[in-house]
**Student:** 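Structure incoming, see below.
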Amino acid sequence: MVSKTDDIPASVPSCNPVDLAREGETANDKDTTSKTASKDPCACGHRGDTAVMNGDAGHDQAEEADSKQDSNADADPAEDANEQEVIVIQDTGFTVKIQAPGTEPFDLQVSPVLALTWSKVQFNTFFLKYTTHLKVLKPYTVREARIHIRHIRDLLKSLDPSDAYNGVDCNSLSFLSVFTDGDLGDTGKRKKKGNELEQIDCTPPEHILPGSKERPLVPLQPQNKDWKPMQCLKVLTMSGWNPPPGNRKMHGDLMYLYIVTVEDRHVSITASTRGFYLNQSTTYVFNPKPANPSFLSHSLVELLSQIGAAFKKNFTALQKKRVQRNPFERIATPFQVYSWTAPQIDHAMDCVRAEDAYTSRLGYEEHIPGQTRDWNEELQTTRELSRKNLPERLLRERAIFKVHSDFAGAATRGAMAVIDGNVMAINPGEETRMQMFIWNNIFFSLGFDVRDHYRELGGDAAAHAAPTNDLNGVRAYSAVDVEGLYTLGTVVVDYRGYRVTAQSIIPGILEREQEQSVIYGSIDFGKTVVSHPKYLELLEKTSRPLKVQHHAVLNEKDTAVELCSSVECKGIIGNDSRHYILDLLRTFPPDLNYLPVEGEELAPESQKLVFPRQHRHRLACLRQELIEAFVEHRYLLFMKMAALQLMQQKANKDKTAALHDTSTADAESESKPQALEASEKVPDGTPTSPTSSESTLSPDDAEATTVSENSAPENQEAPADLKSAVPTANTNGTHEPSAAERQNGGCDSPLEGKEADENIPGLAQAKELAESLAAEDGSGIDPKSREVVLNACKAVGSISNTSFDIRFNPDIFSPGVRFPDDSTEDIQKQKQLLKDAAAFLVSFQAPSFVKDCLDHSSLPMDGATMTEALHQRGINMRYLGTVLEFVDNMPAKAQLEHIYRIGISELITRCAKHIFKTYLQGVELSALSAAVSHFLNCLLSSFPDAVAHLPADELVSRRKSRKRRNRVPGGGDNTAWASLTPSELWKNINSEAQSYYHFNLQCESVDQAVEKYGLQKITLLREISIKTGIQILIKEYNFDSRHKPAFTEEDILNIFPVVKHVNPKASDAFHFFQSGQAKVQQGFLKEGCELINEALNLFNNVYGAMHVEICACLRLLARLNYIMGDHPEALSNQQKAVLMSERVLGIEHPNTVQEYMHLALYCFANGQLSTALKLLYRARYLMLVVCAEDHPEMALLDSNIGLVLHGVMEYDLSLRFLENALAINSKYHGPRSLKVALSHHLVARVYESKAEFRSALQHEKEGYTRYKNQVGEAHEKTKESSEYLKYLTQQAVALQRTMNEIYKNGSNASIMPLKFTAPSMASVLEQLNIINGLAWHVILFDKNP
């Protein structure tokens, strides 16, 4: 047996040999992720796991080894750990003689049933990986020969980044190794000793320095020296003589290869059942006989090594470099990440790529050669897997995640093929926009209003919005995960201006009409409605977590039909007897702020902000996060009102402390509306982002119980939750938090409204009463208490009179839907609830977001992070204009300048994206790059001429040829895009901003926008490229030239899809992660660390080695390791976190910037000063590109850079960064902030080191004043500052005396030596800990290890 031990956090399921063989077919398979064996073929062209078992492999030459053959001393221990392998020999069998180069031969006893593959034998100074076969080798088949060739191609390309640039096979970019010179480690050769400080080059590039206006693009992708091409072969391709004729098949010929070696030798190779050999064929003459001399090799690598010395030498060097790369740079990501910039890559000949492209990949799908996958069956079968215990749940979640990941990849490829015209429509006779497609068992439809289906809802605009609403519905129902209820696999792809919805196919749906299939819901928006008892039973289970009300609607016969979803939700029983629901676009209730309804008035809060507003479609829905927040808000209100009234009753009954002179009934009736009004109007009154309301409610099965059994526990629990100031993240068993809430692997937002407790007098007594009430059984509850709960329920809009239970009817205000007469009162309540929810969004959630930005608890850096922050609070992006108005009207607008700037940038690029979508639809494929470059010029270039970027002769010939084509009947004008001008585009952007976001932009050109709002053109370019999928050539663009355009058509390299899909979650791992966080917050670091480690193992079990949540786990682990003093381990974990963030989020994503900062701190703590500086400079450059210099986070980054430079005695440079940090802190935190005081202190320390004591004194005095005013004279910080002031004063006096002595006595002066001490590394590290928020934790842990 050969077993491998691996320190990559990945769990590899036990696979049979056939599965492993299949895994080799595509680089896209993520199922096995352990080290190089999972993704990287071995040096001989075989997967390490499959070599002998499957007969695909076979070779016995040690010279193809890819292991490191250099000295053991230079090896990184972490890497050695990765490479460890254990050989267990069970019984003696026969002897194998082994001879390595330069050593004596020796014998090895081997079991007769053991086939050793890829074992490693260590000799004195080097490792040797050998593959030896102790059984008779199985003959090749065509399939195995293809796999063998594919492996060799993968090896030859293993250092080539072109797949990452081209966005294929889940490859993506990482540049960390460029800045760390390889792997980081505590015994790495880059660790600096104290006496090597002077060797560190600390000078940053000019464009990184504070105040620099230069924003180059080229440094975004630094040159990686490992990527320089190491040519082993000039050409490796299939021969034109394929396939072998019948007579040669009977001689064992499988296929023919054509190869050109580096020495320019042209050879033809036969792949036969016995192996590979040279034949005598040439380009024009077929002669399959073996060449003379004849070599027969079981491995193609062995054969190529014999016919070309350059191949042998370069291939060995290539493999040595390959194994030195970090595994996280090589493992495939679960979903494809695209790069918006790329260098010009030489297009090399590649037979495998060509084969993939022109066999449509249909016969070569993952896992099942020669068949297409039944996606629906796979998606539903994985959901049906057992989930009774942890191992079963892990297996189930892993299977679900793997299938979803594969499905998203296949759906994306299919959607691109559909838009590129490579898939035949199933209704080819229809107009193009009405066509539908099936490819690879996936159904594709375009985002247009087919057959006026959405005519009353907004036409094409509604058809474009419906798929994303539907996807949100699928996400919600998938998260609830009710057994027996099935949703379709759904992926929404935006590509080349078209929106494509990809869905798995319900068995049998294509064989019958829709009318026959649908047994629940409506196919015509409510005109005809049907229901089904099984669907009602299943959907009832989802109604509580999704807050959907069970309700009745009238069908065409005026008969009431029971529903537990919107009428558009259709139920279909497939031929597989499964109950499917689809068309979930109205899962969540409508947003009345964007749905004007005649005769309905919104709440005053909405009217004050000029709502309702006309939207371009009538499908505007509230987000699930908003529903959760609103219900929680109402729950807290319910608790307060019930507590107040109970307290008043108790007080009146005992006649000891009457609160009012009026009767109890008056008190109750008055307090109810007052509490409701106060709580809804005062934004700071109650928590805004509380934990899931379900966690404080009674269990689902107690829904219809009495007051005593249901509401009493609520009264008991909620006050404790109100008191809690520790961030918590509870979810009930049936509902997982949304993707936005868990994007960073963290928990939900903390409770933010502690001050609510103090707003209502006597709440403490009410809580006591509530507790005593809860202790009694139901029979002892007096009717008045019951009435209190009833009043509170009515006031907050609960659908139950005995317990708090808020749900929404999603069909309210749906056109064409009618309700029975007996539900009129209920419908009015539901309408009011919807109005309240809409008002809650604009009067509570939007101001709460602005407040969070003001106190820096929310710090978006770019459009994506701002979108995520808004979505987390349930605010749709159509409210962006409203949010910007809130920011603009704030008294502290200057402290929100960064938010305003990011918001304006997001608004402009979103408007441009909307225009670009329709612009691209009118462009034919041959003019795509010209059209995209023209659009970018109109958007970003100062050059006023719209079309001059195309060469004149090309423009003429293009126009002529188009005119000729347009004479064909039915031909349309495809040149409309060329007439777009910058002024016209900006006019359209202004009108789009007004009509969609209701924001007055007032910018006639890009230069005006840049000047008015302080934007950067490079940031706008990044945002628009990411949003639309454009990939541009990485070079310096002169946006400001008025003589030539910034972009030419050669600068547009590619256009990628923008993909939205479901993100299945690892629920058990997430709960471990939350528990770990809670432990850490309580101060139990070791227990927290153990739980986080367990979470990491479970995440790896479900997601494989690469995922954004694993990245968050590693980041937190690194932080805990650092706090607990294990700096090398912190460095190791953070390095993985950086690599993962680059790979799964993008090389310049704001999270990646943060990860770089943390890694720099841990590098500094490990003594790697030069690396720490490089990482900080990289982080600063990325932040400049993403959000410019004027951002609060830049102050932290500059403080880090300034401190490290201070530590290496680069005082002038240090001052530049620290003074910039001081200026930014003063601007965004206000002059009285303690952050500003700390900044002054840091600047004073550098001035002291420069012996400029006057400046040092001036800054320290500023800091002292702030400490004294904010925390008082007795505080430790104030005392420290006071002591430092005394010290500086003494030094200044001593210096002045010395200067006076020199002036007085000249060169004869007797000078006392002054103390100029360089800062110690320990003091610099201490300051770094303070500014990064780690100092207190480190001190605490040191005191209580």
Side-chain angles (χ1 to χ4, degrees), residues 456-458 462 465 469 547 549 566 586 588-634 637 672-683 685-686 688 794-799 806-815 817 819 824-850 870 873-886 889 994-999:
E456 292 178 14
L457 298 169
N469 281 9
K547 314 289 184 285
Q549 187 191 17
S566 67
R586 280 197 191 273
F588 300 109
D591 181 357
L592 295 193
N593 287 333
Y594 283 91
L595 191 69
V597 180
E598 262 186 66
E600 296 289 345
E601 277 203 8
L602 292 186
E605 296 93 332
S606 294
Q607 289 184 9
K608 202 190 311 176
L609 294 163
V610 206
F611 287 109
R613 294 172 179 170
Q614 195 69 44
H615 201 49
R616 56 187 51 168
H617 59 78
R618 298 178 65 84
L619 290 179
C621 292
L622 297 172
R623 291 186 65 84
Q624 187 175 12
E625 299 91 336
L626 184 92
I627 301 298
E628 295 288 339
F630 175 72
V631 170
E632 181 64 21
H633 169 81
R634 281 293 169 100
L637 181 60
K672 177 178 62 173
Q674 282 169 4
L676 182 59
E677 194 177 336
S679 296
E680 296 221 332
K681 287 190 179 176
V682 181
T686 50
T688 59
K794 279 185 180 173
V796 297
S798 170
I799 61 168
I806 285 186
R807 305 189 196 189
F808 293 86
N809 179 341
D811 288 329
I812 301 286
F813 299 120
S814 289
V817 177
F819 300 98
T824 309
E825 186 187 339
D826 190 43
I827 297 302
Q828 285 308 317
K829 274 173 69 176
Q830 281 292 326
K831 286 182 177 178
Q832 188 55 48
L833 204 57
L834 281 180
K835 292 173 186 176
D836 292 346
F840 173 74
L841 193 157
V842 292
S843 66
F844 203 99
Q845 293 297 82
S848 137
F849 167 74
V850 176
L870 287 167
R873 287 159 183 79
I875 303 170
N876 308 75
M877 288 312 288
R878 58 179 168 269
Y879 286 95
L880 183 57
T882 309
V883 171
L884 287 172
E885 281 170 16
F886 270 120
N889 296 329
Q994 186 62 56
S995 67
Y996 196 92
Y997 297 104
H998 302 273
F999 187 82

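Values below: all heavy atoms of this structure, side chains included; hydrogens, waters and symmetry mates excluded.
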**Student:** With a 4.5 Å heavy-atom cut-off, do K829 and I799 have their side chains touching?
**Tutor:** no

**Student:** What is the minimum heavy-atom distance between P596 and Q614, and which atoms define it?
**Tutor:** CG-OE1, 3.6 Å

**Student:** Is any side-chain heavy atom of F808 closer than 4.5 Å to a side-chain heavy atom of Q830?
**Tutor:** yes

**Student:** Side chains of R873 and R623: closer than 4.5 Å at any heavy-atom pair?
**Tutor:** no

**Student:** Which heavy atom in P810 sits nearest to a heavy atom in P590, and how many Å separate them?
**Tutor:** O-CD, 4.0 Å

**Student:** Rounded to the nearest 0.5 Å, how far apart are CD1 of I806 and CD of E632?
**Tutor:** 10.5 Å

**Student:** For the residue pair F886 and P847, establish whether any side-chain heavy-atom pair is separated by less than 4.5 Å.
**Tutor:** yes

**Student:** Please report the shortest heavy-atom distance between S566 and D811, naming the atom on each side.
**Tutor:** CA-OD1, 3.2 Å

**Student:** Working note: D836 + Q832, criterion side chain to side chain donor-acceptor pair (under 3.5 Å); need CA distance, chi angles, decisive distance, verdict.
**Tutor:** CA-CA 6 Å; D836 292 346; Q832 188 55 48; 2.9 Å; yes

**Student:** Would you say the side chain of K835 lies within less than 4.5 Å of the side chain of E600, judging by non-hydrogen atoms?
**Tutor:** yes

**Student:** Without swapping roles, check the side chain of D591 against the backbone of A838 for a donor-acceptor pair under 3.5 Å.
**Tutor:** no

**Student:** In Å, rounded to the nearest 0.5 Å, how long is the span from CD1 of I627 to NZ of K547?
**Tutor:** 9.0 Å

**Student:** State, without any angle test, whether N889 and E885 hold a side-chain donor-acceptor pair at a distance under 3.5 Å.
**Tutor:** no

**Student:** State whether the side chain of N809 and the backbone N or O of Q549 hold a donor-acceptor pair below 3.5 Å, judged by distance alone.
**Tutor:** no

**Student:** Just how far is it from atom NE2 of H633 to atom CZ of F840, taken to the nearest 0.5 Å?
**Tutor:** 5.5 Å

**Student:** Taking C621's backbone N and O only, do any of them form a donor-acceptor pair with N876's side chain (distance below 3.5 Å, no angle check)?
**Tutor:** yes

**Student:** Rounded to the nearest 0.5 Å, how far apart are CG of L841 and CZ of F630?
**Tutor:** 11.0 Å

**Student:** Any side-chain heavy-atom pair from F819 and I812 closer than 4.5 angstrom?
**Tutor:** yes

**Student:** Is there a side chain to side chain contact (heavy atoms under 4.5 Å, CB included) between L833 and R634? Walk through the geometry before answering.
**Tutor:** CA-CA 11 Å; L833 204 57; R634 281 293 169 100; 3.9 Å; yes

**Student:** Roughly how far apart are F999 CZ and Q994 CD, rounded to 0.5 Å?
**Tutor:** 9.5 Å

**Student:** Heavy atoms, side chains only, cut-off 4.5 Å: are L626 and I875 in contact?
**Tutor:** no

**Student:** Determine whether a donor-acceptor pair (N or O, by modelled atom type, separation under 3.5 Å) exists between the side chain of E605 and the backbone of A839.
**Tutor:** no

**Student:** To the nearest 0.5 Å, how far apart are CE in M877 and CG in L880?
**Tutor:** 4.5 Å

**Student:** Test side chain to side chain donor-acceptor pair (under 3.5 Å) on R613 and S606; report intermediate values, then the result.
**Tutor:** CA-CA 10 Å; R613 294 172 179 170; S606 294; over 6 Å; no

**Student:** If I compare all heavy atoms of R586 with all of L457, which pair ends up nearest, and what's the gap?
**Tutor:** NH2-CD2, 3.5 Å

**Student:** With a 4.5 Å heavy-atom cut-off, do Y879 and L870 have their side chains touching?
**Tutor:** no

**Student:** Give me the ring orientation class for Y594 and H615: parallel if the planes are under 30° apart, tilted from 30 to 60°, perpendicular past 60°.
**Tutor:** perpendicular

